[in-house]
Structures are given as C-alpha cells and as structure tokens.
There are 2 protein chains.
Amino acid sequence: MDDIDGAILRELQRDGRMSMAELGSQLGIAPSTVFKRIEKLKNAGIIERFTIVINQKCFEHTLIAFLNVRVTPEKKTDVEAFMMELPSVLELYEVLEPGDFFVKVRVQSITELKREVLIPLSGLAGVRDIQTIIAVRKVKEQVQNG
Amino acid sequence: MDDIDGAILRELQRDGRMSMAELGSQLGIAPSTVFKRIEKLKNAGIIERFTIVINQKCFEHTLIAFLNVRVTPEKKTDVEAFMMELPSVLELYEVLEPGDFFVKVRVQSITELKREVLIPLSGLAGVRDIQTIIAVRKVKEQVQNG
DNA sequence: TTTGAAATCCGAGGGAA
DNA sequence: TTCCCTCGGATTTCAAA
C-alpha cells in the first residue's frame, strides 16, 4: 500500500470500470503494472469486490426498521445464524445494551416486516424480546464517511 | 425493468466486473442483449455507477454506534441540519419512537464519538436526550436486500 | 517491481430477423 | 427487442530488465 495504490482505490471508487490504460496514463505507469497492483489489492482483501451503485429511488417502496433483539446466551449463535440468512436483514451487530443484537432491516411494508422478520424471529427458541424502531423518513444515507 | 433487468442488477452488485458473456449465459440471453440492457439501466439512472467496495478494516479501527435523539419540536429542523453536516453521520432517519431521530454513526473510537458527535449534539439547543447503542462486533453488512 | 509486446478476450455497434 | 458477427480496443500473460 503506497500512494499509487491509494490513487487506484480512489479512482476505482469513482469509476469501477476505468480501464487499466486510462488509470495507467493518469498515474504515469504501465497498464500491466496497474493490473498487477489491482490483483494484489484484491488478493490482500483491500478491494473486497467490484459492484454497482443502484439508485434506490427506483425502488422507493421500502421501509427501514431497526430491531433490538434480546437473546438467551446459549441460543445466541443459533439466532445469529438465523438472522444472517434473512434477506431483509441488511446489517447485524452485536451490542452491549439495550439488547444483544442490533439489526437494520429493509422491507416493503409493515406487513412484510411482521411476516418475514418479527414473527419468524419471535418464534425462534432463545429470542426473549424484540424492540422495533421504524423510520418514517430517510433524511441522509451514505456508505462511506463524508 | 423486468425480471431479467433485476437479475442483471443482482449479479452486477455481486460482481461489477462480470462480463457480458458470462451474464448472458447465466441468464440465457446473448451478450449483446446484456450490453444493451446495461446501457439502458445506466441511461435510466438505475445503475448510478460502477465502483469498488473497500475493506474498511484495512484503514481504520472503526466503531459503529446508533443514537436515539429526542428533540423539542420547534428545534427539529435545526438539529436535523446540524446532523446532516456531521461527516461521522452515515444515516439519519426520522422515527416515531423512542426518539425523534435515529442516527447511524461511524467513528474511530469512543473518544471521537464523544468529541465529534455526542458533545456537539448535546450542546445544541433543542436536544433533550440522546441514547447511545454501541456495536461491539459487526456480524453482517450489505447495502441491498439479499 | 516494472515494463513492452504478444495473445487472448471482450465490449460496442451494425444489420437482419 | 433480440441475436449474430465483427473489429477495435481492452485485459492478461510473460520474459526481460
């Protein structure tokens, strides 16, 4: 990781399909060198993957909710594994208080929230309590620190 | 936007460098058709851009926290504007309970959380109460529904 | 590590169905 | 729309520095 790698990461973040040639001429190095550096960054796990940013406004009928889930200690891994597999679960954290897990969920509606998440979860052995926070308006959203 | 477009979006999200040929054979359509559909998705603004996901662990020791912020009604827009400008604030939602705003924050440390977020916020006129939930372990993170 | 050159592969567009 | 085909350009490999 040096300045050149940093520049490559910055440019690819801006445009993940930038060609090796263009990157190379911008950085003053050969395309094949760019290629090798990108390979190294991938293998080192610094570049996790290439992806696309989808305009969420196109799929606006979504509801964001946050759950505080309290679990009995011996069932923790089971509950964790269960939530890992739920497609509506966007993020899952272990926390200290006020629950054991803190979950960010995206669903189409409150009906779907109940049917896909709350009911299956609350029926699961070891789930003691779920507190739900429902967002009524998204004010800001970004993935990286600004 | 049909099922094929949806599948293209899903695959490109998983691997933004997937070739038209591979996408095509997976979907049972010709590469050139894939190409044209992707062009349409870009022009329609559904695909905003191609990018990379960078492993945040490589750069910083980050701490994720969630805040429930209760605010006096007449100062709500001021507090909202203030939080919009904080670079550590990744997401900001208006909610019904148990606060008025629900905030996702990323910082380097608890020290930074206090210095950059909690202290400035709690000093702001109209902020009545802040509850903080600190994540101790990230179990899952994705941007789109799986 | 970096490079240029070579080989292979792919994107991008035209035209026909 | 979709597919087939083609060519110009890109990716990727590799020997050498």
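On a predicted model such as this, the values are computed, not experimentally measured, just so you know. In what follows, chains carry the letters A, B, and so on, assigned in the order in which the sequence lines appear, proteins first and then strands, with residues in each chain numbered from 1.
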- [ ] Choose from D:dT12, C:dG11, D:dT2 the nucleotide whose nearest atom is closest to any side-chain atom of B:Met20.
- [x] C:dG11
TODO: For A:Ser19, report the nucleic acid contact type (base, sugar-phosphate, nothing); a contact means any heavy atom under 4.0 Å.
DONE: sugar-phosphate
Open item on the list: Does this structure show an ion pair linking A:Asp15 with B:Arg49, if we count only N-O contacts that are shorter than 4.0 Å?
Closed with: no
Task: A:Met18 CE - D:dG9 P separation (whole Å) - done: 18 Å
Open item on the list: Is it the case that the side chain of A:Asp100 and the backbone of A:Val71 share a donor-acceptor pair, with hydrogens and angles ignored and the cut-off at 3.5 Å?
Closed with: yes
TODO: Check the distance between C:dG13's P and B:Asn43's CG and give it to me in whole angstrom.
DONE: 11 Å
TODO: When you get a sec, tell me which of C:dG11, D:dT11, D:dC3 is the closest nucleotide to the side chain of B:Ala30?
DONE: D:dC3
Open item on the list: Could you tell me how far apart B:Leu41 (CG) and D:dT1 (P) are, to the nearest whole angstrom?
Closed with: 12 Å
Open item on the list: How many whole angstroms separate atom CD1 of B:Ile38 from atom C1' of C:dG13?
Closed with: 15 Å
Open item on the list: What is the distance, to the nearest angstrom, from the CG atom on B:Leu23 to the C1' atom on C:dG11?
Closed with: 13 Å
Open item on the list: Using a strict threshold of under 4.0 Å (side-chain N to carboxylate O), is an ion pair present between A:Glu39 and A:Lys36?
Closed with: no
Open item on the list: As a test of reading the structure: which of D:dT11, D:dT1, C:dG4 is closest to the side chain of B:Arg37, going by heavy atoms?
Closed with: D:dT1
- [ ] Could you tell me the separation between the CD1 atom of B:Ile52 and the CD atom of A:Glu11, rounded to the nearest 0.5 Å?
- [x] 10.0 Å
TODO: Under 4.0 Å between any heavy atoms, over every strand shown, what does A:Arg17 touch: base, sugar-phosphate, or nothing? Just pick one.
DONE: nothing
TODO: Send over the distance from A:Ile29 CD1 to C:dT3 C1', rounded to a whole Å.
DONE: 11 Å
Task: B:Lys40 NZ to C:dG13 P, straight-line distance once rounded to whole Å - done: 16 Å
TODO: Counting heavy atoms from C-beta on, name the nucleotide in D:dC3, D:dT12, C:dA12 closest to the side chain of A:Phe35.
DONE: D:dT12
Open item on the list: One thing to verify: whether A:Glu22 and A:Arg17 come together as a salt bridge, which I'm taking to mean a side-chain N less than 4.0 angstrom from a carboxylate O.
Closed with: no
- [ ] Indicate whether OP1 or OP2 belonging to C:dT3 is found under 4.0 Å from a side-chain N or O atom of A:Thr33.
- [x] yes
- [ ] Grab the NZ-P distance between A:Lys36 and D:dA10 for me, whole Å please.
- [x] 21 Å
